[in-house]
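Read the structure below first, then the notes.
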Amino acid sequence: MLKTILAISGKPGLYKLISQAKNMLIVENIADKKRMPVYASDKVISLGDIAMYTDAEEVPLATVLESVKKKENGAEVQFNYKKASSDELHGFMAAVLPNYDRDRVHTSDIKKLIQWYNLLVSSGETDFVEGAQMETVETAVEE
């Protein structure tokens, strides 16, 4: 599912891939459902290609989002991440992914994670990993 959800540098929010043309993509904003073209000059990354640093290896974003979903019981994150202190954000991250790399995962990364999670949940996108990957998620979170 996360392969078709895109983050576009310089544009707020997340976008769903609708169609591809020769030199552009047609995307739809997840929040307001407005469509727009994205050109080859824009920096676009699929959420499926993003990972979070841990002490051992990188964990796919889908695994981290699934862990947040489990912690929040499928609801949006309740505390205000925009006004939360660095310690509160790192505490939240430690609860979600206990072995995350505290040196390489910055406060801004945690805020972005929470923002993306809330956007996805509010738009009804909650299947972050497929059934076969779910066992891997549970193993990674327990370590």
Side-chain angles (χ1 to χ4, degrees), residues 1-20 24-143:
M1 184 279 298
L2 290 182
K3 290 285 184 198
T4 61
I5 305 294
L6 308 172
I8 303 170
S9 183
K11 298 189 186 316
L14 294 173
Y15 299 84
K16 186 173 206 146
L17 178 64
I18 301 298
S19 179
Q20 290 180 273
M24 70 174 155
L25 303 172
I26 304 297
V27 297
E28 180 179 84
N29 188 313
I30 285 183
D32 62 13
K33 306 292 185 204
K34 290 185 180 177
R35 292 185 179 188
M36 64 182 219
V38 176
Y39 300 98
S41 60
D42 292 321
K43 185 177 178 189
V44 178
I45 188 162
S46 165
L47 294 193
D49 295 334
I50 298 175
M52 297 287 277
Y53 295 115
T54 65
D55 296 332
E57 76 259 342
E58 293 181 4
V59 174
L61 183 64
T63 304
V64 179
L65 289 169
E66 192 64 37
S67 182
V68 173
K69 178 179 154 184
K70 189 177 281 187
K71 179 186 182 309
E72 298 295 324
N73 296 320
E76 291 185 31
V77 175
Q78 295 304 311
F79 75 91
N80 188 345
Y81 66 90
K82 293 178 182 177
K83 294 183 180 179
S85 71
S86 179
D87 291 338
E88 289 174 315
L89 290 167
H90 283 278
F92 173 83
M93 192 66 194
V96 170
L97 189 65
N99 62 339
Y100 81 99
D101 190 331
R102 282 141 179 86
D103 295 329
R104 296 195 293 177
V105 176
H106 303 284
T107 303
S108 60
D109 299 330
I110 300 169
K111 285 182 178 182
K112 184 68 72 176
L113 170 71
I114 296 170
Q115 177 189 15
W116 285 352
Y117 173 79
N118 284 345
L119 273 171
L120 290 168
V121 169
S122 67
S123 69
E125 304 280 349
T126 57
D127 296 328
F128 303 120
V129 293
E130 296 171 11
Q133 293 176 314
M134 195 60 186
E135 295 172 18
T136 309
V137 170
E138 292 170 358
T139 305
V141 171
E142 289 171 3
E143 293 177 353

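Numbers here are sequence positions counted from 1.
Note that the CG atom of Leu65 and the CE atom of Met52 stand 9.0 Å from one another [nearest 0.5 Å].
The side chain to side chain donor-acceptor pair (under 3.5 Å) check on Arg35 picks up Glu28, with sequence neighbours excluded. Considering only residues two or more places apart in sequence or on other chains, Phe92 meets the ring pair (Phe, Tyr, Trp, His ring centres under 6.0 Å) condition with Phe79. For the side chain to side chain donor-acceptor pair (under 3.5 Å) test, no residue two or more places apart in sequence or in another chain qualifies with Tyr81. Under the salt bridge (Lys or Arg N to Asp or Glu O under 4.0 Å) criterion, Asp101 pairs with Arg104, not counting sequence neighbours. The side chain to side chain contact (heavy atoms under 4.5 Å, CB included) test applied to Ala94 returns Tyr100, Arg102, not counting sequence neighbours.
Sorted by first and then second residue, the salt bridge (charged side-chain N to carboxylate O under 4.0 Å, His left out) pairs with a member in residues 79-89 form an empty list; sequence neighbours excluded. For the side-chain hydrogen bond (donor to acceptor under 3.5 Å, both in side chains) condition, the pairs that include at least one residue of residues 37-54, sequence neighbours left out, are Lys3-Asp49.
Residue Thr126 comes nearest to Glu66 through the heavy atom pair O-OE1, 4.3 Å, listed as atom of the first residue, atom of the second, then distance. Scanning both residues, Ile50 and Ile45, for their nearest heavy atoms gives CG1-CD1, 4.0 Å.
A donor-acceptor contact shorter than 3.5 Å links the side chain of Gln78 to the backbone of Glu76.
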Let me have the donor-acceptor pairs involving side chains of residues 111-123, under 3.5 Å, with sequence neighbours excluded, atom names and distances please.
{"residue": "Tyr117", "atom": "OH", "partner": "Ala75", "partner atom": "O", "Å": "2.8"}
{"residue": "Asn118", "atom": "OD1", "partner": "Val77", "partner atom": "N", "Å": "2.8"}
{"residue": "Ser122", "atom": "OG", "partner": "Asn118", "partner atom": "O", "Å": "3.1"}
{"residue": "Ser122", "atom": "OG", "partner": "Leu119", "partner atom": "O", "Å": "3.0"}
{"residue": "Ser123", "atom": "OG", "partner": "Leu119", "partner atom": "O", "Å": "3.2"}
{"residue": "Ser123", "atom": "OG", "partner": "Leu120", "partner atom": "O", "Å": "3.0"}

Which pairs of donor and acceptor atoms, one on a side chain in residues 5-18, lie under 3.5 Å apart (sequence neighbours left out)?
{"residue": "Tyr15", "atom": "OH", "partner": "Pro12", "partner atom": "O", "Å": "3.0"}
{"residue": "Lys16", "atom": "NZ", "partner": "Glu125", "partner atom": "OE2", "Å": "2.9"}

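In this structure the side chain of Thr107 never reaches within 4.5 angstrom of the side chain of Ile110, judged on heavy atoms.
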